[in-house]
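For reference, the structure is listed below as structure tokens.
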Amino acid sequence: MPSNSMNVINFNRNQLSKRDRLKHVLGGYNPNRKTEYNLPKATTKQLKTIAKRLKEERKYRMLKVILVTIILSLILLAVLLYSLDGIVGLLPL
């Protein structure tokens, strides 16, 4: 058991030296670099219409989720009752 833990420690120590080489892979690494966004200017009226549209979409999505949940729970209940009816028929009374 002690040799295994030493292998892990040595492996981790070996990986520390490679960290500087791997920090430039796929996108790089620079904690001081700030991401620049080129966003268009929007008026308050546009922002209000976007907020209103998002609220309506969220309301419809929640309604769909509730309906699907109710339908699935009713199907599950029907399957459970059907299977219980079959199980009760098998039991000797």
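Bear in mind that the values here come from a model prediction, so they are computed numbers and not experimental data.
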With rounding to the nearest 0.5 Å, note down the distance linking [atom1] in [X] to [atom2] in [Y].
{"X": "T69", "Y": "L74", "atom1": "OG1", "atom2": "CG", "result": "11.0 Å"}
{"X": "I9", "Y": "N4", "atom1": "CD1", "atom2": "CG", "result": "10.0 Å"}
{"X": "L80", "Y": "I75", "atom1": "CG", "atom2": "CD1", "result": "13.5 Å"}

Which atom pairs, one a donor and one an acceptor, fall under 3.5 Å between side chains of residues 49-64 and the rest of the protein, sequence neighbours left out?
{"residue": "T49", "atom": "OG1", "partner": "K45", "partner atom": "O", "Å": "3.3"}
{"residue": "T49", "atom": "OG1", "partner": "Q46", "partner atom": "O", "Å": "2.7"}

- Quick one: list whatever passes side chain to side chain contact (heavy atoms under 4.5 Å, CB included) with L72, sequence neighbours left out.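 Listed in chain order: V68.
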
- Could you identify which residues cluster with V65, counting Ile, Leu, Val, Met, Phe, Trp and Tyr as linked when any side-chain heavy atoms lie under 4.5 Å apart, either directly or through a chain of such contacts?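 Same cluster as V65: nobody, lone residue.
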
- Item | Side-chain cluster (under 4.5 Å, hydrophobic types only) that L39 belongs to, other residues |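 Same cluster as L39: Y37.
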
